[in-house]
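The structure appears below as structure tokens.
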2 protein chains.
Amino acid sequence: MKPGSDTSPGTANSGKRTTIYDIAHSVGTSPSAVSAVLNGTWRKRRISQKLADRISAVALEQGYSVNLQASVLRRDRSNIIGMVIPKYDNRYFGAIAEQFEQGARQRGYFPVITCTQRDPELEFEAARMLLSYQVECLVVTGATDPDRISDLCHAAGVKVVNLDLPGTKAPSVISDNFQGALDLTRLLLDDRGNVAGRSESLYFVGGRTSDHNTSERIRGFLHAHTERGLTVPQSHILACGYAAQKAHASLAALEHLPDGIFVNSTISLEGVVIWLSELPPERRQQIQYCCFDWDPFAALMPNCIGMAQQDVPALLEHVFSLIKTDLSSAEIKHVACNLRGRQPSQHAGYAS
Amino acid sequence: MKPGSDTSPGTANSGKRTTIYDIAHSVGTSPSAVSAVLNGTWRKRRISQKLADRISAVALEQGYSVNLQASVLRRDRSNIIGMVIPKYDNRYFGAIAEQFEQGARQRGYFPVITCTQRDPELEFEAARMLLSYQVECLVVTGATDPDRISDLCHAAGVKVVNLDLPGTKAPSVISDNFQGALDLTRLLLDDRGNVAGRSESLYFVGGRTSDHNTSERIRGFLHAHTERGLTVPQSHILACGYAAQKAHASLAALEHLPDGIFVNSTISLEGVVIWLSELPPERRQQIQYCCFDWDPFAALMPNCIGMAQQDVPALLEHVFSLIKTDLSSAEIKHVACNLRGRQPSQHAGYAS
DNA sequence: CAATACTGCTACATCGATTGAGCTTTGATG
DNA sequence: CATCAAAGCTCAATCGATGTAGCAGTATTG
């Protein structure tokens with residue numbers, strides 16, 4: 001008997017958590033036996049059913065739960081899988097976090113997610129912290145500088161997968177931003193085609209040109225214009241960052257109103273929608289938009305003609321299979337988006 | 001030198017993570033000194049600046065990071081603060097998770113959040129798991145059976161606070177659901193008052209009568225009717241659970257259309273909005289609704305006349321102050337909601 | 001009845017970091 | 001030159017769980 005050798009007077013459970021030593025003491029057996037019984041390896045360690053039952057009973061009665069810090073320290077595996085994510089409070093990242101947890105738990109991992117507000121320094125610190133907690137694997141989502149984190153993980157011998165934004169030093173799983181943006185832009189151009197006298201280029205709002213997703217979406221956006229013989233002036237690309245306020249400000253600064261807007265994310269869309277709501281109704285009704293990402297309410301707003309929903313289950317499926325197979329090839333896996341156009345009934349009603 | 005006594009040939013960093021023993025070996029000093037230097041206690045342990053510098057340099061070079069499992073095991077404090085939350089993917093819980101993390105980090109804690117899909121068994125298991133990771137404190141959010149978890153925590157000597165749904169065995173911080181629902185219902189009744197020939201009771205959609213929040217909101221809903229001399233028939237309370245599909249189904253089953261709906265959460269609202277979108281436009285325009293909880297897009301939908309936004313920063317402020325002061329009195333702290341009515345410009349435009 | 005096999009358990013080293021209790025060495029003081 | 005203090009370290013126990021090695025007993029076999 002090593003720790004807590006003080007033979008406490010009444011119930012063993014006063015103040016401190018019960019350990020296998022306490023239980024061993026109560027039952028009158030050894031800590032090894034208690035450990036074996038409580039972690040399920042007791043059959044192959046030839047502990048009798050009788051002793052096992054007594055130990056289980058006492059453990060239950062004393063409300064024992066393993067100290068995983070000690071357990072993980074001793075074993076080689078921690079079973080912890082970490083995720084770094086920029087935000088929780090929008091549908092896309094919320095769904096990623098939620099489904100990641102589910103998937104991890106199903107596969108026997110304990111998921112720990114850290115939210116970093118798109119702050120590069122915090123991203124890096126969070127990754128360090130997760131490594132200190134001995135994660136076996138790290139999923140880095142929407143990081144501004146994934147490669148720096150990949151280096152950290154490689155040094156520690158920890159698997160990394162990038163999700164949503166690609167890196168060059170670890171395998172990445174991302175949406176097919178080009179194709180999604182292309183489809184979405186076509187949808188918007190088609191819709192506008194129904195209205196006579198409009199041939200100007202659409203506007204692109206939100207995101208940063210420095211980030212891979214934004215630049216790919218812009219490429220899709222431009223391509224859809226090109227294939228119809230339209231040119232997009234620089235002034236129509238408002239990659240003002242993701243924040244709602246910035247999108248709002250960019251639109252408010254325009255000299256004349258656009259008739260169609262490609263919104264780069266639901267975060268930016270919040271600004272767009274507020275801006276729209278401030279316009280006089282008759283002007284507002286002329287302005288259609290589409291948005292990359294999906295939100296159930298945004299999808300039913302009057303001026304929304306379509307959204308590109310990223311396929312979160314498929315993205316995560318790929319992440320987990322990469323983790324299992326341990327491909328460290330830094331390849332990029334593209335996953336198609338689901339194009340969600342407006343339902344006919346909505347089109348007829350809501351928008352009119 | 002205890003662990004890893006094998007003098008590796010080339011770089012120390014081959015396969016395994018570097019430990020203080022590796023660094024001690026490289027520098028030619030003791031693990032104690034390395035530990036002291038790397039955790040900042042070296043000044044009071046009288047380690048020279050010179051040695052400290054050498055150790056730091058080697059640690060950086062070898063990409064060392066503490067093994068927190070070992071560190072936490074040894075110290076009495078883990079600095080981990082846990083949260084159990086039902087979902088991430090709606091604005092309310094997303095905001096809670098995100099701001100909880102921020103607040104925790106600011107206060108020097110390491111936050112670990114677990115999402116339990118409103119499954120009572122998973123809630124309990126998740127709490128057990130967090131206890132196993134030696135959390136110092138647990139915030140239980142929206143749990144179906146918070147008292148069971150409180151018992152568990154008390155047995156382990158861990159502080160608990162209930163958030164969003166109250167319990168009887170630990171202090172709770174919740175929104176003032178009665179007042180919020182009362183205000184919201186008044187808003188909706190006022191709005192309807194402008195339209196001639198409507199005097200029927202509103203409908204209440206979503207949630208479970210067994211849960212505290214729902215029953216308080218129903219109480220507020222009923223009170224607002226009573227104070228205007230209106231009676232609400234049982235058939236107008238559709239507490240069908242939170243899921244969007246259930247709300248949709250309940251409304252679809254109605255014999256004639258309601259003219260005003262009180263929606264119990266944005267999750268239920270998703271179903272309501274889809275149901276609305278399926279109605280012919282002329283019927284749809286007659287139906288106004290309000291919703292407890294807030295969502296930036298939902299707030300701007302044509303038929304939405306107001307939302308009650310729970311004050312997440314204030315809720316969390318109370319949670320953290322409870323944790324600090326350690327009041328184990330099982331009191332319930334009520335926090336007022338922000339009533340967000342529709343802006344005039346929206347009213348005029350979007351809804352018409 | 002000795003040799004062997006098997007059952008049922010315990011002892012002890014170990015994981016990596018922390019920390020109270022020393023143990024040298026240097027410097028200052030009487 | 002002894003004496004004492006302080007500076008600058010190292011030793012070794014410890015946190016709780018795990019698992020290998022091994023020790024008693026009992027049952028089986030020749």
Side-chain angles (χ1 to χ4, degrees), chain A residues 1-6 12 15-25 27-55 59 62 64-79 131-134 156, chain B residues 1-6 12 15-25 27-55 59 62 64-79 131-134 156:
Chain A
M1 192 201 304
K2 274 198 310 181
S5 334
D6 61 306
K16 278 292 150 203
R17 323 261 285 234
T18 40
T19 70
I20 52 169
Y21 297 90
D22 301 327
I23 295 176
H25 186 246
V27 175
T29 181
S30 71
S32 320
V34 177
S35 171
V37 168
L38 296 177
N39 70 27
T41 59
W42 59 282
R43 286 221 164 272
K44 77 170 175 221
R45 308 211 52 230
R46 294 185 319 216
I47 305 286
S48 65
Q49 182 77 52
K50 206 167 136 188
L51 180 58
D53 289 346
R54 269 199 301 151
I55 289 175
Q62 304 204 3
Y64 171 84
S65 69
V66 226
N67 181 330
L68 280 171
Q69 313 283 7
S71 176
V72 166
L73 174 59
R74 183 61 231 276
R75 293 173 308 167
D76 45 347
R77 300 203 51 191
S78 74
N79 266 26
L131 287 183
S132 282
Y133 276 106
Q134 310 300 108
Chain B
M1 192 201 302
K2 274 196 309 179
S5 334
D6 61 307
K16 279 291 151 201
R17 324 260 286 233
T18 38
T19 71
I20 52 169
Y21 298 90
D22 300 328
I23 295 175
H25 186 246
V27 175
T29 180
S30 71
S32 324
V34 176
S35 171
V37 169
L38 297 177
N39 69 29
T41 58
W42 59 283
R43 287 219 164 272
K44 79 168 173 224
R45 301 206 88 228
R46 294 185 318 213
I47 305 287
S48 65
Q49 182 76 53
K50 206 167 136 189
L51 180 58
D53 289 346
R54 268 198 302 149
I55 289 175
Q62 304 204 3
Y64 171 84
S65 69
V66 227
N67 181 330
L68 280 171
Q69 312 284 8
S71 174
V72 165
L73 174 60
R74 184 62 232 276
R75 291 173 311 167
D76 45 346
R77 301 203 49 193
S78 74
N79 265 27
L131 287 182
S132 281
Y133 277 107
Q134 309 301 106

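We name chains A, B, ... by the order of the sequence lines, and we start the count at 1 in each one.
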Next item on the list: May I have the distance from A:Q69 (atom CD) to C:dA17 (atom C1'), rounded to whole angstrom?
Entry: 12 Å

Checklist line | B:S30 side-chain N/O to D:dT10 phosphate OP1/OP2 under 4.0 Å | finding: yes

Notebook entry, point to check: Does A:Y133 have a side-chain nitrogen or oxygen under 4.0 Å from the phosphate oxygens OP1 or OP2 of C:dG16?
Noted result: no

Next item on the list: Classify the nucleic acid contact of A:S71 as base, sugar-phosphate or nothing, counting any heavy atom under 4.0 Å across all strands shown.
Entry: sugar-phosphate

Check: Can you find an N or O donor on one side and an acceptor on the other, under 3.5 Å apart, linking the side chain of A:S32 with the base of D:dA17?
Finding: no

Note to self: Run the ring pair (Phe, Tyr, Trp, His ring centres under 6.0 Å) test against B:Y64 and tell me which residues pass, sequence neighbours left out.
What the structure shows: none

Note to self: By nearest heavy atom, map B:G28 and A:L38 onto DNA chain D; which one lands nearer the 5' end?
What the structure shows: B:G28

Note to self: Determine whether B:Q49 and B:R43 satisfy the following criterion, side-chain hydrogen bond (donor to acceptor under 3.5 Å, both in side chains), listing intermediate values before the conclusion.
What the structure shows: CA-CA 8 Å; B:Q49 182 76 53; B:R43 287 219 164 272; 2.9 Å; yes

Notebook entry, point to check: With a 4.0 Å cut-off on heavy atoms, is B:T41 in touch with a base, just the backbone sugar-phosphate, or nothing at all?
Noted result: nothing

Margin query: Counting the atoms with a prime plus P, OP1 and OP2 as sugar-phosphate, which does A:N39 contact under 4.0 Å by heavy atoms, base, sugar-phosphate, or nothing?
Written below: sugar-phosphate

Notebook entry, point to check: Where do B:N79 and B:L68 land on the side chain to side chain contact (heavy atoms under 4.5 Å, CB included) test, with the steps shown first?
Noted result: CA-CA 10 Å; B:N79 265 27; B:L68 280 171; over 6 Å; no

Check: Rounding to a whole Å, what distance do you find between A:D22:CG and D:dC15:P?
Finding: 11 Å

Item checked: Atom-to-atom span, CZ of B:R75 to C1' of C:dT19 - whole angstrom -> 13 Å

Next item on the list: Examine distances only and state if a side-chain atom of B:S78 and a backbone atom of B:V72 form a donor-acceptor pair shorter than 3.5 Å.
Entry: no

Notebook entry, point to check: Could you give the CD1-to-P distance, from A:I20 to C:dT10, as a whole number of Å?
Noted result: 12 Å

Next item on the list: Could you check how far CH2 of A:W42 sits from C1' of D:dT20, rounded to whole Å?
Entry: 20 Å

Note to self: Tell me the interatomic distance from A:I55, atom CD1, to C:dT10, atom P, rounded to whole angstroms.
What the structure shows: 8 Å

Next item on the list: Verify the contact: side-chain N or O of A:Y21 to OP1 or OP2 of D:dT14, cut-off strictly under 4.0 Å; return yes or no.
Entry: no

Item checked: Distance below 4.0 Å between B:T29 side-chain N/O and D:dT10 OP1 or OP2 -> yes

Next item on the list: Scan residues 44-52 of chain B against DNA chain D and write down, sorted by residue number, each residue with any heavy atom closer than 4.0 Å; if none is found, say none.
Entry: B:R45, B:R46, B:I47, B:S48, B:L51

Item checked: Nucleotide D:dA17, atom C1' - distance to CD of B:Q134 in whole Å -> 11 Å

